[in-house]
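The structure appears below as structure tokens.
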Amino acid sequence: MFQLIDAFWAYILIAILILVGRFIRERIGILQSLFIPSSVVAGAIALLLGPSALGAIINTTIGSNLPLVNGIFPEAILTVWSKSPGIFINIVFATLFLGQMIPGWRTIWRQAAPQAAFGQILGWGQYVIGLILGITVLTPIFKLPAIAASLIEVAFEGGHGTSAGMADTFAELGFPEAADLSLTLATVGLVSGIIIGTWLIDWGRRTGRIQVQSQVSLLATNEDSIHSHTEENPSTKAARDRLFKDLLIDPISLNFGFVGLAVAIGWLILQVLGFIESKTWGSGDGLKLIAHVPLFPMILVGGILVQLLLIRTNRSYMVSRPLMEHIGGLALDVTIVTALASISLKALSANLVPLLILSIAGIVWNVFVYVFLAPRLIPFYPNERGLGDLGQSMGVTATGILLLRMVDPDNRTGAFECFAYKQLLFEPILGGGLFTAAAPTLIVRYGSIPVLLFTSAVLAFWLIFGIWNCNKLKKSKD
């Protein structure tokens, strides 16, 4: 039976593992050069010391009657960890837009349209490539369920957090191993995104494709620099200081209250949509889509609604963006550590070849789009601005920000603003958004070919629009 003390010690162990991960990261040069987060190192340590690695070795070589047959962690701790990713990912998505200054949609569209087209092509193309592989190779040869085709986008665009958050959906659809495969793919994407992105920066400078020549030392770029902090108006800070003084409340407590409000609104949205579905298209044997959608995409919408409400009521000073980033960062660290610690190595070994196929296909597609399509979609500084979306599409948003800071540390190209605005047009749909959550269910319900036709049509739309919009912007500049 679950006890609160089990959860207490489970998260205390996570804190200690993160400290150990940080200590190891500081002393192993390759981990620093690849900008591997301490949470990923901590999760790998927990995996190696858990039942899938140390426990499996002891069970195989010595016997199954020893205390360490499940590794060094008690069963109660492992149970808490296995349930944590799907919980903490909700906090991550709640903080994405809280505290952000959201300009008018015309401003967002004008600056972000080329980036949006580029990012959408990367994301929808990952579905197209995955579905083609699923129809021709993964299902007929390796006997994997059709929803394996969605793993490239879930892992590469969504990252570890989305992969962990989709675990329950994969289990409900009859493919629980997909969570382990997706988490491994996310790790492959994270590492390859940094390595390939760094090489592309060097290649771009040598070939003249990258026009901004200012460089930043890799030694000066540490793990913390991947987080972007919003500059705030002094009057906003002063109003916030008065608020904390009058209310006698800790700033983190107040900000976490808005996180809770975003979660509650997201939950209500999901419940309302589920009720509507049950009474309309989902009644009887109809399409049950909302029933398989996890909570976190709706919480993202809830966070946007809370932020818009604060802006409309002139109370945006109540939310601190830097604090929101720290709250989301802590939740993401917990998500990554517990998700990696819960990976089944047995499931990975049984699907090693499909995993390699998906990894290579995803990497090749992303690099192809960056090299050949970025100059045709982004009118100005395409190779600099495209790196942010390339990094995001092969790891996480932080990877994209890191590559942008490496190629354009002084933000001479305006890439940071365009990349940030693009998220408003991208995150609600892909990278952990609504279609990411719905895609596995759509594949199971309608089959791979109809979903392939749909994703191909959306990909073609963004490709046509992106090229047309790019040419239009170039002409207007002339």
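Just so it is clear, the values below take in all heavy atoms, side chains as well, and ignore hydrogens, waters and symmetry mates. Fair warning: this is a prediction, and the values are worked out from it, not measured in the lab.
- Within the 4.5 Å cutoff, no side-chain heavy atoms of I467 are placed close to those of W462.
- Residues T139 and P145 fail the side-chain proximity criterion, which asks for heavy atoms closer than 4.5 Å.
- Across every non-hydrogen atom of F118 and L390, the tightest pair is CE2-N, 4.5 Å.
- Rounding to the nearest 0.5 Å places CG of L151 at 8.5 Å from CG of L138.
- For the residue pair N351 and E177, no side-chain donor N or O sits within less than 3.5 Å of a side-chain acceptor on the partner.
- The shortest non-hydrogen separation linking F170 to A179 is CD1-N, 3.8 Å.
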Exercise for review: Check the pair L442 / R445 against side-chain contact (heavy atoms from CB on, under 4.5 Å), numbers first and verdict last.
Suggested key: CA-CA 5 Å; L442 292 173; R445 174 72 180 184; 5.7 Å; no
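- Going from atom CD1 of I135 over to atom CG of L452 covers 5.0 Å, rounded to the nearest 0.5 Å.
- Side-chain N or O atoms of R321 include one that pairs as donor or acceptor with a backbone N or O of L98 at under 3.5 Å.
- At distances below 3.5 Å, not a single donor-acceptor pair connects side-chain atoms of W124 with backbone N or O atoms of S456.
- Counting non-hydrogen atoms of other residues, nucleotides and ligands closer than 6.0 Å to CZ of R206 gives a total above 12.
- The side chain to side chain donor-acceptor pair (under 3.5 Å) test applied to T162 returns no partner, not counting sequence neighbours.
- With ring centers used as reference points, Y127 lies under 6.0 Å from F435.
- Contact detail for I91 and V259: the closest heavy-atom pair is CG2-CG1, 4.1 Å.
- With Q392 contributing its side chain and L387 its backbone, the two residues share no donor-acceptor pair below 3.5 Å.
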Exercise for review: Show your reasoning for whether side-chain contact (heavy atoms from CB on, under 4.5 Å) applies to I363 and F156.
Suggested key: CA-CA 9 Å; I363 292 171; F156 275 26; 4.0 Å; yes
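- With contacts defined as side-chain heavy-atom distances shorter than 4.5 Å, the pair L377/P114 does not qualify.
- Residues E157 and L430 are not in side-chain contact: their nearest non-hydrogen atoms beyond the backbone lie 4.5 Å or more apart.
- For F275, the CZ atom counts as loosely surrounded, since its 6.0 Å shell holds 12 or fewer non-hydrogen atoms of other residues, nucleotides or ligands.
- To the nearest 0.5 Å, the span separating CE on M394 from CH2 on W365 amounts to 13.5 Å.
- Side-chain contact check for V137 versus I132: every heavy-atom pair is 4.5 Å or farther apart.
- Summarising the geometry, atom CG belonging to N469 is positioned 13.5 Å from atom CD1 belonging to I464; distances are rounded to the nearest 0.5 Å.
- In this structure the side chain of Q126 reaches within 4.5 angstrom of the side chain of S393, judged on heavy atoms.
- Other residues, nucleotides and ligands contribute more than 12 heavy atoms inside 6.0 Å of the CZ atom of F465.
- Within the 4.5 Å cutoff, no side-chain heavy atoms of T335 are placed close to those of S84.
- Within the model, atoms CD of Q271 and CG of L295 stand 8.5 Å from one another, a figure rounded to the nearest 0.5 Å.
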Point to revise | side-chain contact (heavy atoms from CB on, under 4.5 Å) evaluation trace for F175 with L144 | key: CA-CA 9 Å; F175 189 29; L144 291 182; 4.1 Å; yes
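- Around the CD1 atom of I449, the shell of radius 6.0 Å holds no more than 12 heavy atoms that belong to other residues, nucleotides or ligands.
- Between N383 and R209 the shortest heavy-atom distance is ND2-O, 3.2 Å.
- At least one side-chain heavy atom of L185 sits under 4.5 Å from a side-chain heavy atom of S359.
- Although no hydrogens or angles enter the test, the distance criterion places a donor-acceptor pair under 3.5 Å between the side chain of N90 and the main chain of I87.
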Point to revise | Stepwise side-chain contact (heavy atoms from CB on, under 4.5 Å) test for L373 and L463 | key: CA-CA 9 Å; L373 294 183; L463 183 60; 4.2 Å; yes
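- The heavy-atom pair separating T338 from I14 by the smallest distance is CG2-CD1, 3.3 Å.
- No hydrogens or angles considered: a donor-acceptor pair under 3.5 Å links the side chains of E153 and T436.
- Separation of atoms OG (S182) and CD1 (I152) is listed at 10.5 Å; rounding is to 0.5 Å.
- The minimum heavy-atom distance linking M298 with L434 is given by the pair CE-CD2, 3.7 Å.
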